[in-house]
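Written out below as structure tokens is the structure these notes cover.
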Amino acid sequence: MTVLSVNINKIAVLRNSRGGDMPSVVDAARCAIDAGCGGITVHPRPDLRHIRPDDVLALAEVVRGRVEYNLEGNPFAPPRDGYPGFLELVAAVRPQQATLVPDSDGQITSDHGFDPARDADALAPLVAKLKAMGVRVSLFVDAGTVDLSPAARIGADRVEIYTGPFADAYAHGDAAAALSACVATARAAHAVGLGVNAGHDLNQANLTAFLRAVPGVSEVSIGHALIGEALYAGLGPTVRAYLRAIAAAGAG
Ligand SMILES: CC(=O)[C@@H](O)[C@H](O)COP(=O)(O)O
Ligand SMILES: NCC(=O)COP(=O)(O)O
């Protein structure tokens, strides 16, 4: 079964554009949960462009006991004004999952994953700290990565396949190679005992095809397209549409 984790970063983008608390990330999370999603994902970035530490704390109270909480971030990003550090945020709320993403402020969005062969040794102590907190650890990796043994060696529980290239190829009607890369990474993950998550630029058009092809996806985290579509159709109906797309792939 594939869990839908709704990423609500973009609610915070709209809120921050005017200040105040409208739209509320807490209300958005409640709405998505009431519509049947299985998780809430946020990516509190050090530049505070959208989700902020106080959002992380407030959302923890909404999510706890209802659905999974997935915190994304770069564990190497140093603390700065208003941002305590990723591990500090995880320690404060103890989410079910921490997804480690090698993003920097200069990126408009996430556009690459870790290279387990290159990065495992540097990640190892951070993964150990997260595991000691009782948090599942997922590493954001590029599709096509086929040696995931370093990730398993350092104690990661899952990888999240970066699906941006697949989504772009799908939109251009030429997704076969990109999809094959995702399948190869999923198979490589399963081969070393890692679970498989997926995310970035997934949408109602490409999700079913993705899940039909890629084996054993435990969770898809979806935000940008889902929130954009919800502006027209409403958040609850849009979440339910994504749940139907997952079910149509036989992954519901
Ligand atoms: C890791 C990933 O692909 C997304 O979860 C990320 O959260 C997108 O970040 P923005 O919402 O800031 O584009
Ligand atoms: N990990 C992917 C995620 O949380 C949302 O990515 P996107 O749907 O906003 O591109």
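Both ligands and their constituent atoms are indexed starting at 1 by order of listing.
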Selection from [options] by shortest heavy-atom distance to [atom]:
| atom | options | value |
| --- | --- | --- |
| atom 3 (C) of ligand 2 | Ala167, Gly39, Gly199, Ser221 | Ser221 |
| atom 6 (O) of ligand 2 | Glu72, His200, Lys10 | His200 |
| atom 8 (C) of ligand 1 | Asp201, Val101, Thr109, Asn74 | Thr109 |
| atom 6 (C) of ligand 1 | Gly73, Ser110, Ala198 | Ser110 |

For [X], is at least one N or O under 3.5 Å away from an N or O on ligand 2?
| X | result |
| --- | --- |
| His224 | yes |
| Asn7 | yes |
| Gly223 | yes |

In this structure, atom 4 (C) of ligand 1 is nearest to the protein heavy atom Glu72 OE1, 3.5 Å
Shortest protein contact, atom 10 (O) of ligand 2 (heavy atom only)
Asp201 N, 2.8 Å
Evaluate the criterion side-chain hydrogen bond (donor to acceptor under 3.5 Å, both in side chains) for residue pair Ser110 and Arg45; output intermediate values, then yes/no.
CA-CA 11 Å; Ser110 308; Arg45 294 177 179 273; 3.2 Å; yes
Atom indices of ligand 2 within 4.0 angstrom of [X] heavy atoms, with elements:
| X | value |
| --- | --- |
| Ile222 | 8 (O) |
| Thr41 | 4 (O) |
| Glu160 | 1 (N), 2 (C) |

So, does His43 sit close enough to ligand 2 that a heavy atom of it is under 4.0 Å from the ligand?
no
Would Thr99 and Asn70 count as having a side-chain donor-acceptor pair, cut-off 3.5 Å?
yes
So, Glu68 versus Gln97: side-chain donor-acceptor pair below 3.5 Å or not?
no
Evaluate ring-ring contact (aromatic ring centres under 6.0 Å, His included) for Phe210 paired with Phe166, printing each intermediate quantity in order.
CA-CA 9 Å; Phe210 178 83; Phe166 156 73; 5.3 Å; yes
